[in-house]
Q: 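Mind having a look at this structure? Questions to follow.
Note that the numbering runs from 1 along the sequence shown for the chain.
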Amino acid sequence: MTPSPFAFAVLIFALVVSVSYILLMRWLPNLGKERLAQLTQAPGQAPASPWQSLQQRLLAGLLWLSPWTAAMSGGERATASALRVRFWHAGWRSQVALQIYFTCKTLLTLVLPLLAWGLMEMGPWHPQGLRRFAPLLLAAAIGYYLPNWILNMQIQRRQRALLHAFPDALDLLRVCVQAGLGLDAAMERVGREIRHARPELSEEFALTGMALRAGSSRAEALRHLSVRMGLKDIDALVSMLIQADRFGTSVSESLQVHSDALRTQRRLRAEEAAAKLPVKLLIPLIFCVFPSLLTVLLGPVVVTFTKQFFTHH
């Protein structure tokens, strides 16, 4: 065995032993604590399953690492506040979401280059010079930006679902307001009715209703709704509802006008996507469909000519 793979094997062995020892010392079941938890547990409460216990211990480990990983990732207060708003846009409202985000980002940035280095050392490909560090830098960049990519994908998915759900919810709000309900009661009722069909919007309406019951003003609760959703169309709706509430104009007419505008925008987005479809279909048509079609059409002709001109000599 050459010295470089031997040193790598020793390093990996020491790392695995150290991490295993730390995890065992931290997560090894303590009989005294388990007995105390059983005594303090409610009579009708079921014990936690092994998977739930593993999740709790993994979460505890991530939170234990979060102070160091947040400092390494540059988790200043302004960055944390901006990330917290982005977590609201994605629907992640846990108090420990920020710590888990920084921990995963730091661990991926450190672990993926180690894996890439191990694959290079144990594989047949051994680059030299600067090419040796290129896979390590690429793995570190992937580990650093992967949480951002996952967060952006979740934000886009949730905002797309909210945009599709909002025009119908505005129609239901208008019907409830015209039936005599106030705007607060109408939002709570619509949130209950669309709980199964549109869970994202139902959750936002439920949070707004809880904020109103907690003592927040209607304008403040609507502004918080706009910040949590992060959509320009919702910002315009919130501004219109606040002005209607302030100046005493009809809320039902405002809802009808805005729902029609949102539905028109949704139809225009669908038409735009349909207009882009022929251009997107050119690549699979040229590289996948046309070669197979030409093979099916010209294949028998080529075989026939080959038999006629080359088999009789």
Q: Grab the two heavy atoms, one from Leu201 and one from Ala169, that are nearest each other, plus how far apart they are.
A: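 Smallest interatomic distance, heavy atoms only, reads CD2-CB, 3.3 Å.
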Q: Minimum heavy-atom separation for Ala275 to Pro278, with atom names?
A: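 Closest approach of Ala275 to Pro278: O-CD, 3.3 Å.
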Q: Side-chain heavy atoms nearer than 4.5 Å, only ILVMFWY residues, links allowed to pass through others: does that put Leu293 and Ile286 together?
A: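 Cluster IDs for Leu293 and Ile286 differ.
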Q: Give, for atom CG of Leu237 and atom CG of Leu173, the distance between the pair rounded to the nearest 0.5 Å.
A: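 So the CG of Leu237 and the CG of Leu173 are separated by 8.5 Å.
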Q: Out of curiosity, Leu114 CG to Thr109 OG1, how far, rounded to the nearest 0.5 Å?
A: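 It comes to 11.5 Å.
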Q: Would you name the heavy atoms of Arg223 and Val238 that are closest together and state the gap between them?
A: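 Answer, listing the atom of Arg223 first, then Val238: N-CG1, 4.0 Å.
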Q: When rounded to the nearest 0.5 angstrom, what is the spacing between CG in Leu183 and CG in Leu241?
A: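 The CG atom of Leu241 is 6.0 Å from CG of Leu183, to the nearest 0.5 Å.
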Q: Considering residues, nucleotides and ligands other than Ile283, do more than 12 of their heavy atoms fall under 6.0 Å from its CD1?
A: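 Counting neighbours around CD1 of Ile283, 12 or fewer heavy atoms of other residues, nucleotides or ligands fall under 6.0 Å, so no.
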Q: How close do Arg198 and Ala161 get, counting heavy atoms only, and between which atoms?
A: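 It is NH1-O, 4.5 Å.
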Q: Same cluster or not: are Ile242 and Leu207 linked, directly or through other Ile, Leu, Val, Met, Phe, Trp or Tyr residues, by side-chain heavy atoms under 4.5 angstrom apart?
A: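 No, Ile242 and Leu207 fall in different hydrophobic clusters.
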Q: Are the side chain of Glu200 and the backbone of Leu162 linked by a donor-acceptor contact shorter than 3.5 Å?
A: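 Not at all, since once roles are kept as given, no pair shorter than 3.5 Å links the two residues.
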Q: Does Arg195 use its side chain to pair, donor to acceptor, with the backbone of Arg192 at less than 3.5 Å?
A: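 A pair under 3.5 Å: yes.
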Q: In the structure I gave you, are the side-chain heavy atoms of Asp168 and Leu172 within less than 4.5 Å of one another anywhere?
A: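 They are not in side-chain contact.
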Q: Using modelled atom types and a 3.5 Å cut-off, is there a donor and acceptor pairing between side-chain atoms of His224 and backbone atoms of Ala211?
A: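 No; zero donor-acceptor contacts below 3.5 Å.
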Q: For the atom pair CD1 (Ile142) and CH2 (Trp149), what is the distance rounded to the nearest 0.5 Å?
A: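 The CD1 atom of Ile142 sits 11.5 Å away from the CH2 atom of Trp149.
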Q: Taking only residues two or more places apart in sequence, or in another chain, which ones meet Phe287 in a ring pair (Phe, Tyr, Trp, His ring centres under 6.0 Å)?
A: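 For Phe287 there are no ring pair (Phe, Tyr, Trp, His ring centres under 6.0 Å) partners, ignoring immediate neighbours.
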Q: Please check if the number of heavy atoms outside Met153 that lie under 6.0 Å from its CE is greater than 12.
A: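 Open.
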Q: Answer with yes or no whether the hydrophobic clustering places Leu225 together with Leu181; edges join I, L, V, M, F, W, Y residues whose side-chain heavy atoms lie under 4.5 Å apart.
A: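 Different clusters.
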Q: Between Gln159 and Met229, is there a donor-acceptor pair closer than 3.5 Å when you use the side chain of the first and the backbone of the second?
A: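 Pair found, side chain donor or acceptor close to backbone of Met229.
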Q: State plainly whether one hydrophobic cluster holds both Leu112 and Leu138, where clusters connect Ile, Leu, Val, Met, Phe, Trp and Tyr through side-chain heavy atoms under 4.5 angstrom apart.
A: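 Yes; tracing contacts between hydrophobic side chains, which count when under 4.5 Å, links both residues.
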Q: Under 3.5 Å, side chain of Thr295 to main-chain N/O of Pro291, donor-acceptor pair present?
A: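 Side chain of Thr295 to backbone of Pro291: a pair is present.
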Q: Apply side chain to side chain contact (heavy atoms under 4.5 Å, CB included) to the pair Leu151 and Trp92, showing each step before the final yes or no.
A: CA-CA 10 Å; Leu151 180 60; Trp92 299 341; 3.5 Å; yes
Q: Is there a side-chain contact between Phe166 and Leu231 (heavy atoms, below 4.5 Å)?
A: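 Side-chain contact under 4.5 Å: no.
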Q: Output the distance between atom CG (Asp184) and atom OG1 (Thr208), rounded to the nearest 0.5 Å.
A: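 Atom-to-atom, Asp184:CG and Thr208:OG1 are 10.0 Å apart.
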Q: To the nearest 0.5 angstrom, please state how far the CZ atom of Arg84 sits from the NE2 atom of His89.
A: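 Rounded to the nearest 0.5 Å, the CZ-NE2 separation comes out at 13.0 Å.
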Q: Going by heavy atoms in the side chains, are Trp88 and Val227 under 4.5 Å from each other?
A: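 Of all side-chain heavy-atom pairs linking Val227 with Trp88, at least one is under 4.5 Å.
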Q: With the threshold set at 4.0 Å, does a side-chain nitrogen-carboxylate oxygen contact exist between Arg213 and Glu188?
A: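 Yes, this pair counts.
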Q: Using modelled atom types only, decide if a donor and an acceptor are shared between the side chain of Arg266 and the backbone of His164 within a distance under 3.5 Å.
A: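 Present.
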Q: Any non-hydrogen side-chain atom of Pro284 less than 4.5 Å from a side-chain atom of Val289?
A: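 The answer is no; the side chains never approach within 4.5 Å.
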Q: Cluster question for you: counting only ILVMFWY and a side-chain heavy-atom cut-off of under 4.5 Å, with indirect links fine, are Leu137 and Trp117 together?
A: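 Different hydrophobic clusters.
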Q: Quick one: does Lys105's side chain get under 4.5 Å of Tyr145's, heavy atoms only?
A: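 Of all side-chain heavy-atom pairs linking Tyr145 with Lys105, none is under 4.5 Å.
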Q: Write down the atom of Phe205, the atom of Met187, and the distance for their closest heavy-atom approach.
A: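 The pair with the smallest heavy-atom distance is CD2-CE, 3.6 Å.
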Q: Should the pair Arg263-Asp171 be classified as a salt bridge under the 4.0 Å nitrogen-to-oxygen rule?
A: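 Salt bridge: yes.
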Q: For Ala139 versus Ala116, what's the shortest heavy-atom pair and its separation?
A: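 Ala139 and Ala116 have their closest heavy atoms at CB-CB, 4.1 Å.
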Q: Between Arg93 and Glu204, is there a side-chain N and carboxylate O pair less than 4.0 Å apart?
A: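 Between Glu204 and Arg93 there is a salt bridge, with a charged N closer than 4.0 Å to a carboxylate O.
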Q: What residues form a ring pair (Phe, Tyr, Trp, His ring centres under 6.0 Å) with Tyr101, not counting sequence neighbours?
A: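 Testing Tyr101 for ring pair (Phe, Tyr, Trp, His ring centres under 6.0 Å), a comparison that skips the adjacent residues, returns Phe87.
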